Each structure stands twice: as C-alpha cells, then as structure tokens.
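The structure appears right after this line, and notes come after that.
Atoms considered below: every heavy atom in the structure, side chains included; atoms not considered: hydrogens, waters and symmetry mates. All of these numbers come straight from a predicted model, not from anything done at the bench.
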Amino acid sequence: MQINQTMPGTAPTAVSQTGPGRVISSDFDTFLKMLTVQMTNQDPLNPIDSSDYAVQLATFSGVEQQAKTNQLLTALSLQMGASGMAQMASWVGKEARAPVAGFFNGSPITVAPNPVSYADRVEVVVRNAFGTEVQRLPIPVSADALQWAGVGADGTPMANGLYTFEVVNYDGNGDIILQEPADIYARVQEVRSEGGQTVLMLAGGVGVLATSVSALRDPAYF
C-alpha cells in the first residue's frame, strides 16, 4: 500500500477547508453584504418594510439549517455503515446461504433446495459459468440440504469454476409448477460497503447483498 508522506525539509501545505460547511459560511457572509447594500440604497421615501427583512432572514436561516441537517444525516449514514461493517466482520470465514453461483474446486458444494410441498417431482439443474446445463439430478420433495460432488454420470470430475443450481418443480402431468434458483452455502471472504449497502464477497469472486443471506454457519470440511 502506498503511503503519501511529506518530503524532508518541506513544510506541510495547509489544506483549505471545503464542503458544504464552508459554502454555507461564505453564502451567509454574501447574504449579509447584500442585505446591507439593500438597506443602504433603499428609497428613503419608500423604505422596505421590516417584515420583508425578517422573511429574507428566516428563509436563509431555513436553508442553512436544512444544509446542516443534510450534513448530519450523511455523517450518521456513514457511521451506521461503518458500524454494520464492523458487526459483519465476524462473518468472514463462515459460510453464508444465498441464491448465488457456487465455486467448485474439487470440494462438494452444499445446495439448499426449497421445493414446493405439493410438487410430484423435483429436479436440480446444474449449469456452468456459460449457462450450459451440465447435470440434472432428481431430488426428494424436501428442503434437506444435499452435497453436489461435481462428478459427472461417468464418474469424471467437473472442471473447476462457477456453477449455478436451479430447482425445477413438476406436477403429476410433468408440467413445471415453479422453477427458481437454489440457495447454496459459500465461504465469506470479505465484507464490503458499496453504494450504502453491505456486500459479501464469496469464494470465486461472487458478490451478494448481506440482506440476501438467509443463513450462516461454521465452515463444513470434507
């Protein structure tokens, strides 16, 4: 990581204050100058009503207060985001369950299907990173987790990479009732804050919103 430092023998340069706070202060000074000029140059025979000055002051004061409120809300939002990040730091190293692609590197992937209870037949369809179907497995009409070993019908291991899992529910006539992504368990490697949301980076570079995680567990070893 590169760290900027002051060169030896060189005095640090003062950093000018920027941001909404400085703008508000500058605008208020300008407003007072304009108000003074307005009062100085008003028509003595038709002076500006004092209530008009009060309205102008109240209007500017309201805008100034709103700007300060926005600053406080922004700071509070950042603080809450940092707090959420700190709380989720303990998630790193655990396995999160979410409807995402799983990274296969020779170890089984835990798939957590959730078939509809009235389905007559259920299958899990496995696709590779290109969306090509590589396997179709019949499973019980049950929400029990299963281990996908990444082995073809002929016993040949699948190539390392990302795989998606889809649960397909059929009725008694063989028609599809529901087809939806299956949850899998994947190791949490990093917690990020992006666009005000907490994102978990999983094995294989897969990102998922923390709000999409439905379960968390200690790593399973095989």
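- Between the side chain of Asn169 and the main chain of Val116, a donor-acceptor pair closer than 3.5 Å is present.
- The salt bridge (Lys or Arg N to Asp or Glu O under 4.0 Å) analysis of residues 150-178, with sequence neighbours excluded, yields the pairs Arg127-Glu166.
- Ring geometry for Phe165 against Trp148 counts as perpendicular: the plane angle is over 60°, on a 0 to 90° scale with 30° as the lower cut.
- There is a path of hydrophobic side-chain contacts, each under 4.5 Å, that joins Val167 to Leu162.
- Within the structure, every pair that satisfies the salt bridge (Lys or Arg N to Asp or Glu O under 4.0 Å) test and touches residues 96-113, not counting sequence neighbours, is listed here: Arg97-Asp183.
- The two atoms that bring Met158 and Phe104 nearest to each other are O-CE2, 3.4 Å, heavy atoms only.
- With a 4.5 Å cut-off on side-chain heavy atoms, Ile176 and Tyr170 count as touching.
- Under the 4.5 Å side-chain heavy-atom criterion for grouping Ile, Leu, Val, Met, Phe, Trp and Tyr, Val134 is connected to Leu146 within one hydrophobic cluster.
- Distance check, rounded to the nearest 0.5 Å: CE of Met201 to CD of Gln189 gives 8.5 Å.
- Val188 and Trp91 make their closest contact through CB-O, 3.4 Å (heavy atoms, listed as atom of the first residue, atom of the second, distance).
- A side-chain hydrogen bond (donor to acceptor under 3.5 Å, both in side chains) with Glu123 is found for one member of Gln135, Gln179, Arg136 and no other, namely Arg136.
- Here the closest non-hydrogen pair linking Leu216 and Lys94 is CD2-CD, 3.8 Å.
- Residues Ser212 and Pro99 share a closest heavy-atom pair of O-CD, 4.0 Å.
- In this structure, Pro108 and Thr110 have side chains that are not in contact, with every pair of non-hydrogen atoms separated by 4.5 Å or more.
- Note: the hydrophobic cluster containing Val100 also contains Val213 (ILVMFWY, side chain heavy atoms under 4.5 Å, direct or indirect links).
- Counting heavy atoms from C-beta on, the side chains of Val199 and Leu209 come closer than 4.5 Å.
- Considering every non-hydrogen atom in both Val111 and Ala182, the closest pair reads CG1-CB, 3.9 Å.
- Here the closest heavy-atom approach between residue Ala145 and residue Pro113 is recorded as CA-CD, 4.3 Å.
- Between Thr198 and Val191 the shortest side-chain heavy-atom distance falls below 4.5 Å.
- With hydrophobic clusters built from ILVMFWY side chains whose heavy atoms lie under 4.5 angstrom apart, Leu137 does not share a cluster with Ile177.
- In the hydrophobic clustering of this structure, Val122 groups with Ile109; members are Ile, Leu, Val, Met, Phe, Trp, Tyr whose side-chain heavy atoms approach within less than 4.5 Å, directly or through other members.
- Side-chain contact between Val206 and Phe103 is absent, with no heavy atoms from C-beta onward closer than 4.5 Å.
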